Asks: 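The structure that follows is given in the form of structure tokens.
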Amino acid sequence: MPRPVDANDVASDVVIELREVVATLGQFPALSGATMQVDRGDIVLLRGSNGAGKTTLLRLCAGLLPVARGTASVLGHDLVTERDLVRPHVGLLGHQNGLYSDLTVAENVRFWAATVGASSDEVDAAMERMGVAGRLAGVAVAKLSAGQKRRTALAALVARRAQLWLLDEPHAGLDQLGREELDSTLRQAAASGATILVASHELDRAESLATRTIDVIAGQTHDAGESK
Amino acid sequence: MPRPVDANDVASDVVIELREVVATLGQFPALSGATMQVDRGDIVLLRGSNGAGKTTLLRLCAGLLPVARGTASVLGHDLVTERDLVRPHVGLLGHQNGLYSDLTVAENVRFWAATVGASSDEVDAAMERMGVAGRLAGVAVAKLSAGQKRRTALAALVARRAQLWLLDEPHAGLDQLGREELDSTLRQAAASGATILVASHELDRAESLATRTIDVIAGQTHDAGESK
Amino acid sequence: MTTTDPDNTSTTSVVGGSRSTGTKATRVIGVAMVVAMGWLVLFGLVLSPADVNQGESVRLLYIHVPTIWIAYLSFVVTAVSSGIYLFTKKHSLGWDRLAGASGEFGVAFVALTLLVGSMWGRLTWGVFWQWDARLTTTALLFVTYIGYLAVRRLGGSHHQRAKRSAVVGLLAVLLIPLVHWSVVIWRSLHQTASVLDTDGDIDMDGTMLFTLFVGVVAFTLLYIWLVLHRTRAMAMEDMLEDRGLDIALAERRAEGVAR
Amino acid sequence: MSALKVAWLIAKKDLQVERRSRIITNQVVPFAGVTMVIFGFALDANTDVLALVAPGLVWLATMFSLLLLVQRTFSVEADDGALDAMRVAGVDARAIFLGKAFGLVIQLLALEVLLLFAAVVLYGETIRLSGAVLLVTTMISATCGLAAVGTLYGGLAAGSKGRETLLPLLTLPAVAPVLIGATRAVESALGTGAAELSDGWQWVSLLTVFAVAFGVGGALAFGPLIDE
Amino acid sequence: MSALKVAWLIAKKDLQVERRSRIITNQVVPFAGVTMVIFGFALDANTDVLALVAPGLVWLATMFSLLLLVQRTFSVEADDGALDAMRVAGVDARAIFLGKAFGLVIQLLALEVLLLFAAVVLYGETIRLSGAVLLVTTMISATCGLAAVGTLYGGLAAGSKGRETLLPLLTLPAVAPVLIGATRAVESALGTGAAELSDGWQWVSLLTVFAVAFGVGGALAFGPLIDE
Ligand code: HEM
Ligand SMILES: Nc1ncnc2c1ncn2[C@@H]1O[C@H](COP(=O)(O)OP(=O)(O)OP(=O)(O)O)[C@@H](O)[C@H]1O
Ligand SMILES: Nc1ncnc2c1ncn2[C@@H]1O[C@H](COP(=O)(O)OP(=O)(O)OP(=O)(O)O)[C@@H](O)[C@H]1O
Ligand SMILES: [Mg+2]
Ligand SMILES: [Mg+2]
């Protein structure tokens with residue numbers, strides 16, 4: 001599912017490499033020394049209590065936060081100096097959905113897909129997949145329920161075919177069907193070479209999905225091993 | 001835990017009674033004929049797919065939406081004409097938290113408790129319970145993680161000691177400890193006479209918590225029977 | 001589509017089962033209005049004399065003054081029916097529709113006043129607009145009721161629309177005294193009250209006064225005729241929305257069965 | 001709890017939010033200052049004209065600042081659904097109105113003093129002792145009127161989308177009489193363009209009537225306005 | 001995809017949002033109208049002065065409307081984290097800048113035409129044919145300058161809290177040169193106060209330099225500004 005990768009990206013199979021990374025929010029060191037390595041095709045569960053730093057870690061990998069100390073590289077590029085090379089291949093679903101509430105579902109998904117040059121077939125497929133095709137496609141996002149919004153955001157993400165998916169509590173708000181669909185989409189993406197990080201509190205579901213688990217404790221990462 | 005009830009409130013044990021209630025959002029009949037009855041002390045799980053109308057049902061019971069057709073009464077009062085009598089006894093946790101991001105956790109909880117005249121002991125107990133006492137109490141809400149915000153909103157709700165609790169996906173965003181704590185708080189409240197409605201997609205957890213389940217399907221309610 | 005449905009209690013009574021917004025009464029008023037308008041044209045353009053100072057342009061008076069008075073009337077009707085909606089137990093939407101219809105035509109009439117007034121100003125003062133207190137307050141009145149109409153279009157349920165706009169309608173009417181007495185308060189260069197003067201003696205040519213009277217009658221009839229039709233049309237719109245709700249309800253329920 | 005006590009709670013909360021965020025001190029005051037300087041420019045820096053129209057400009061700048069303040073005070077409520085939460089909590093709508101209006105009055109008064117001072121410095125306006133009582137009375141009654149209108153329409157616009165721009169449309173024409181009255185009264189107080197001191201008081205009575213009408217009307221109407 | 005193509009996508013999206021929400025048509029235009037009426041008041045209804053300063057007032061009203069428009073266009077981006085999403089998606093910052101600025105230019109031009117028309121009616125301004133070219137050139141170059149400044153600072157303020165009030169503080173002083181230049185140029189175009197037609201062109205060159213400086217500077221600076 002992810003787009004064909006150019007030569008320097010496949011140089012190594014290490015997709016994320018953090019070494020003693022410190023990142024601050026305001027004065028607060030939300031990441032206080034994260035060291036981790038994620039390989040291509042991994043589905044990694046980030047586990048940790050509220051305020052542990054999962055969201056911060058994901059945003060850092062997406063290049064939204066500065067690295068205060070340590071070194072970080074994503075997809076073989078340095079996260080600080082080569083940010084522009086990293087971003088086109090990364091997709092993030094944060095706590096917010098990033099949708100324009102005045103536009104319809106289809107317009108939103110199409111807009112996001114267009115910014116990365118995805119084809120309209122992919123857009124339709126993604127919307128179908130996340131269950132927002134049909135009647136909902138023409139409804140303004142402002143008029144959706146919480147779960148329907150989340151599905152739309154996921155559809156926009158799926159249409160992007162990123163190489164690295166960063167998902168912050170993707171299951172929250174989805175109904176049973178949506179969860180199944182999402183999990184199978186993620187498994188499929190991973191199988192075709194994407195790398196996926198999922199922060200989640202729904203351990204039962206997430207643990208069965210993930211191939212590895214990393215515990216985030218007070219801003220530090222601890223490898224909890226393979227889960228499958 | 002709920003506050004002492006005055007005479008007309010205990011007249012009957014039926015806390016919520018809806019008959020063929022229709023409620024619209026814009027032109028859309030989000031509730032298309034909800035009929036249900038909830039008794040004092042019940043913990044009711046509202047189950048349903050995305051867009052089924054769970055949030056709408058909860059907001060209607062909180063008196064935030066007009067009743068387009070049908071009749072609705074809450075705590076023995078008509079939901080349309082006697083709204084002012086109903087509200088002081090109802091607590092709602094919606095998809096949004098209702099917090100002031102510039103104020104600290106403690107200031108927020110105190111403000112909401114003060115508007116309903118809760119004592120400062122209750123405030124402290126509620127914050128302790130939801131794990132936002134201590135260091136977090138003095139932190140501005142803007143600087144909290146998603147789960148910490150949710151905990152703060154729950155603390156403000158717990159401090160209110162409402163008779164009817166309406167919770168829209170209360171588990172979303174909470175970590176394992178927070179979930180346990182929340183469930184035990186809810187059980188305790190129900191045991192001391194509060195009535196609780198929970199909309200949730202985390203069926204495993206919610207089904208073990210609830211005493212009854214109601215399915216919401218396309219804006220209509222279907223009783224799915226006692227669960228315990 | 002416009003046939004009535006016994007289920008729609010709130011609107012059927014107003015529409016009364018007819019297919020158009022007209023009734024016998026409105027047709028009578030319509031005919032009277034047309035006659036009065038003809039009369040006004042006759043008196044205004046032919047029979048009344050030109051003014052000593054203003055010449056032929058004085059004939060604009062017969063539109064200018066009646067339109068603003070009818071606008072006042074519309075806004076007062078809006079306020080009164082808003083008040084009735086808000087303060088009676090029944091909260092009948094009929095009053096809200098009357099308020100809305102009246103507000104709409106009030107805005108239209110003020111727009112006419114502004115238009116005719118500024119044309120008149122061009123003829124007599126040489127400019128379209130003066131920063132005169134009355135002109136400015138009239139402009140404010142206009143904008144205020146545009147705001148009122150905007151509030152009506154905010155969306156939400158009919159009662160929500162009614163409540164919100166009733167509040168605005170009640171407060172906005174306070175501007176009318178300000179417009180009326182603006183000439184006194186600010187020593188304006190606009191014509192001070194000469195017809196509705198406080199001392200009671202009317203200093204105006206008899207024919208002119210009579211023509212003005214005809215104008216007021218004609219525009220009042222026009223106003224009544226328009227408002228009657230518009231309230232009926234609004235009732236139908238509301239009813240169509242209710243009908244739309246029935247259809248939407250059926251669809252939504254079917255969606256549940258389909259699963 | 002009595003409505004007045006709740007109103008005081010709300011006003012205190014608003015002032016606290018302001019103290020934390022320092023929006024007025026850091027941003028609205030400079031904005032108003034810049035507005036006054038720019039007026040000077042637009043009027044060709046003709047000092048004679050400027051001194052004549054200074055009272056008008058002070059009130060004009062106040063009015064534009066009012067819009068900012070109202071917008072801010074209601075976005076604080078609407079951002080995270082706090083206004084809904086207040087409604088569910090059964091907080092008396094009159095208390096909300098009075099509380100928020102009182103918070104605004106305090107903030108506006110502080111601003112006006114500064115603007116008046118700016119007028120003295122920038123436009124060479126002079127303040128005479130004999131007019132001090134009139135000046136203070138005018139400022140207080142005009143400010144109450146402005147705050148009442150601002151709160152009323154701010155609340156009306158708060159729930160609806162596009163509120164940022166509905167607010168000025170409703171507020172500006174409504175406060176125009178205040179602008180006119182207060183300008184004339186301040187002219188009398190300062191003796192601008194040989195205005196008589198005695199003339200000022202009749203304007204003050206107009207302002208007071210306005211403030212009372214909108215204050216009482218607003219308090220009564222606020223419930224229906226924000227409800228549903 | 002080329003930056004220009006993405007910029008066009010973004011501008012199209014912005015205009016679509018506007019078409020859906022009709023904020024400008026229904027609310028900004030009346031707001032600007034009221035502003036002009038109120039200026040008339042504040043200036044004491046002195047028609048001679050008014051006709052003289054009318055060009056200045058048109059631009060002043062445009063500037064205030066600019067603030068509303070910029071605020072709106074960036075709150076659309078920031079409300080649900082869409083700006084973050086764009087950054088993660090690796091959308092070229094220059095494209096974002098150009099796209100949003102272009103959307104603003106279109107909206108502002110439409111507004112200015114209306115305001116000019118209002119000035120003709122309200123302030124008794126007259127337009128002469130010989131000045132038409134100058135008038136149009138002035139409007140276009142001034143508008144480009146305004147849009148560039150607005151977009152630049154709108155983006156800067158978008159992420160930070162209290163953005164509503166940071167924006168005017170930054171924007172107003174920055175556009176003051178435009179205000180002055182455009183006013184003089186329009187005076188020349190209309191022949192207000194016996195201004196020479198030829199004088200106008202030197203102002204236009206000033207405006208153009210300003211627009212180019214802020215346009216190019218903004219496009220280059222926008223990335224660093226919204227990043228991190
Ligand atoms: C845009 C321009 C104008 C506006 C907005 C305007 C507005 C008004 C208003 C609101 C009234 C009603 C006053 C009341 O009874 O409360 C009025 C009355 C009147 N206007 Fe005008 N006016 C305009 C121009 C003119 C001009 C140019 C003239 C004539 C030179 C004029 C002559 C009159 C007269 C004679 C009355 C009747 C006064 C009375 O008996 O009360 N108006 N106008
Ligand atoms: N503002 C609105 N205007 C029109 N329709 C709306 C609006 N908000 C929600 N809806 C529609 O109403 C229906 C019910 O929404 P509601 O939020 O109650 O669903 P829900 O059961 O809470 O779903 P979720 O599990 O996703 O939170 C949905 O189909 C949604 O599309
Ligand atoms: N803007 C901020 N300024 C200062 N500290 C912050 C800010 N935002 C978050 N924090 C702190 O940073 C820490 C990590 O936050 P983060 O959002 O990464 O947690 P999380 O693991 O995602 O938690 P959750 O499970 O609740 O979403 C928290 O302790 C929080 O209090
Ligand atoms: Mg998080
Ligand atoms: Mg929901």
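In what follows, every chain begins at residue 1, and chains take the letters A, B, ... in the order their sequences are listed. Just so you know, these numbers come straight off a predicted model, no measurement behind them.
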Asks: Give a yes or no on whether a salt bridge exists between C:Glu237 and C:Arg243, defined as a side-chain N under 4.0 angstrom from a carboxylate O.
Replies: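 Salt bridge: no.
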
Asks: Would you mind checking which part of D:Leu152 comes under 4.5 Å of any heavy atom in chain C, side chain (CB onward), backbone (N, CA, C, O), both or neither?
Replies: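 Only the side chain of D:Leu152 comes within 4.5 Å of chain C.
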
Asks: So does D:Glu77 pair up with D:Arg72, basic N to acidic O under 4.0 Å?
Replies: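 D:Arg72 and D:Glu77: not salt-bridged.
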
Asks: Side chain, backbone, both or neither: which part of C:Leu174 has a non-hydrogen atom closer than 4.5 Å to chain D?
Replies: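 For C:Leu174, the contact with chain D is made by the side chain alone.
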
Asks: Are any of the side-chain nitrogens in C:Asp96 or C:Lys163 under 4.0 Å away from the carboxylate oxygens of its partner?
Replies: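 So C:Asp96 does not pair with C:Lys163 through a salt bridge.
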
Asks: Heavy-atom distance under 4.5 Å to chain C: side chain of D:Phe210, backbone, both or neither?
Replies: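 Contact with chain C involves no heavy atom of D:Phe210 at all.
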
Asks: Check the angle between the aromatic planes of D:Phe74 and D:Phe222 and answer parallel, tilted or perpendicular using the 30° and 60° thresholds.
Replies: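 Ring orientation, 0 to 90° scale: tilted.
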
